[in-house]
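Following: one structure in structure tokens, then a few remarks.
Counting from 1, the numbers follow the sequence of the chain as shown. Computed from a predicted model, the values in this text were never measured in an experiment.
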Amino acid sequence: MISDSEILKFTRNRRYSPMTVDQIARKLGVRNEELESFLKLVRDLELGGELVEVKGRCLADPARVDLVVGTLLCHPRGFGFLKPVRAEDGEDLYIGSENMSSALHGDLVVARVPPSARRGDTYITRRHEARRPLRRRVPAASSEVKVVSVLRRARTEIVGTLRREGGVWFVIPDDPRLYRDVLVSDGEIGGARADDKVAARIDSWPSRHINPAGAVVRVFGPRGQLEAELLSVTHEYGLRREFSPEVLQAVEALPDQVRPQDLLDRRDLTGEMCFTVDPKDARDFDDAVSLRRLPEGGWELGVHIADVAHYVAPDDVIDREARARGTSVYLPGQVIPMLPERLSNGLCSLQPGVIRLTRTVRMSFDGPGNLLRAEVFAGFIRSCRRFTYEEVQAVLDGGELEAGEEALRAKLLEMNDLAERLRARRRERGMLEMDIPEPHILTDEEGRTSGVELRRGDPSHRLIEQFMLAANEAVANHLLRRRLPYLCRAHDEPDAEALQSFRQMAHILGHSFPAPGTRQQIQRFLERLSGRPEAHLLNYLLLRSMKLAGYQAEDAPHYAIAAPHYLHFTSPIRRYPDLLAHRILQEAESGRLDSPGRRDYWREGLPAWVQRATEMERNADAAERTLTNRRLMDFVAARGVSFDALVTGVENYGLRVQLTRYMLDGVVRFSALSDSFYRVDRERGTASAPGRRQFKVGQMIHVRVLRYNEFKHQMEFEVVGKKS
């Protein structure tokens, strides 16, 4: 069979002239029975930006015809950026709205990039989906990047609100980056009413002067209704809320409880004092902990994880569904589980007082908290207590438990002692800890927003976090030492350019961020910030400078936690990579991995599985962030009061601000201020008006809602005072 390297060698020969795919196949001697695979290979090369189609449906080397393949990332104001799929094609390139052709946000496109565009020397900064600043090259005015074709559509449907004005029906997309409404004819509204949340199929694509057109294919309900908003977000992000009858039938066939035969060849750990610690609204408990003092000094820590792999067999219908979902999704007021509730909240949940199967990591530490040895094995436990983080924190703060629970209280204090020692050891290695609270939507019995709670890492969370980090790292080293199939949780170090951007922002706020910005330098910088008014903003901006973590099928370090080898093992109920790690351990223990065929199964399957898991994790995060922000906006807009806000950036159009009580971003446009003109100085992070009125990044101000676009989910504020 012909390889992709042979195709590229042929098409990149200096004597090559563009040919059709059939002509290339004949030149390379592709046999008829190989043609289908050959065509797929060529298509993959096109999607990867290695080949492009030119006039006459011929294929060419993109570099020789000034074409680049990339993803189109649009801005709500109509312009966009081309993000090349190949690293050698350089920075993201600016595309004006008039040069978008029929492409929409997220489409994979082919764009013409004149050589002069690559030499542009003007830069602008745009916030990317990864929540970090990226530098985007803007070509000189005389050279324009233009979309010439769309290789693959990111979507064929859009989710939004159906409206009618001037006798015309149209759908306003929820995603503001889809800045064009979709026109719908009278006969294509599918029974929807004005202001309903709907999904619309796109039948004809836009041009420079014409909006896309289509038909309503699903009606979720009136805009603002809780269920309608939830349904629209789950549809927009392709989340699977319901399990198929086949999956439910397979789950029903599982036993109701742990059976005697399930306990064979497992260690009996029911005599150990172990318990779970979870959020108060948690329903699935997949990790329990135990601790005992060693006679020679030090500790023996047990981390007991629900043995989901015992019940979910490779490639069965439950496993395939879990692989497709990749993760549980935690939306305000609702969880969309990776596994059916009979498993996630029942048979696999480490509920108190019942026997449950586990994969246990037992680790021995010396007095200072250095790991001496670790083992991983199958066991079974009986949890003696279900703690919430609030209960644990109360104990760590000096509180008491119920009568008869004195031993549990003492154990929690001892665990906290070990956790702080483990944390100190990890900080010596360079672990980064950023103090960034997360907003959590509180809901009433009907699912309506009743309040917002900012959650931050306190000692109770750090206790469990340190134990889970230790277990994950121990399992990673266990798999690598035994040369077993491996999937890691990787986190790359930040780009020097991103750190330089952060360095400039720190300077604006009066701080010197050290170069080159090693982990230890960053850690000491964060320590100096503690307690300072600007600490929150700098922690927030530093996080946005970091790369996103993801899963890989080969070993790579985790930058933020300073771990040379790391994977996810401790949450198999809600994360598919954790389930895979359990399955690898199970097959190694049973001897099944001794088969070369089984080794091939893992080697061939892991790359695709971890890529899918990374994609679904980021998709779930985006869905959660989207719905949380919309609920926050609705809540804030309805309050009708002023809010404390932090100026997080200055732009030509106004100020970027964040409500500190709700971690909600918005803008204050200069047009909403009484002053007639503002001069923006990005290097100093200031916006100044005649008369010496000035706003500065890091400044606290009082704002109130001026305008809330409920269709595009955008919020604008007006300034009502400065905070002294």
Report yes if the side chains of Val636 and Val452 come closer than 4.5 Å at any heavy-atom pair, otherwise no. no

Any donor-acceptor N or O pair under 3.5 Å, side chains His461, Asp458: yes

If you measure only the distance, is there a donor-acceptor pair under 3.5 Å linking the side chains of Arg524 and Gln521? no

Ala60 and Val65 have their tightest heavy-atom pair at CB-CG1, 4.2 Å

Separation between CZ of Arg77 and NE2 of His75, rounded to the nearest 0.5 Å: 4.5 Å

Worked check of side-chain contact (heavy atoms from CB on, under 4.5 Å) between Lys696 and Val647: CA-CA 7 Å; Lys696 182 177 175 61; Val647 178; over 6 Å; no

Polar side chain donor-acceptor pair, Tyr551 to His568, under 3.5 angstrom: yes

Distance-only side-chain donor-acceptor flag, Asp175 / His105, under 3.5 Å: no

Give a yes-or-no answer on whether the side chains of Asn472 and Tyr566 include a donor-acceptor pair shorter than 3.5 Å. yes

No-hydrogen, no-angle side-chain donor-acceptor test under 3.5 Å, Ser688 and Arg679: no

Would you say the side-chain atoms of Arg180 and Ser97 include a donor-acceptor pair closer than 3.5 Å? no

With no hydrogens and no angle check, just 3.5 Å: does a side-chain donor-acceptor pair link Tyr653 and Ser671? no

Less than 3.5 Å apart, any donor N or O on the side chain of His507 or Glu683 sitting next to an acceptor on the other? no

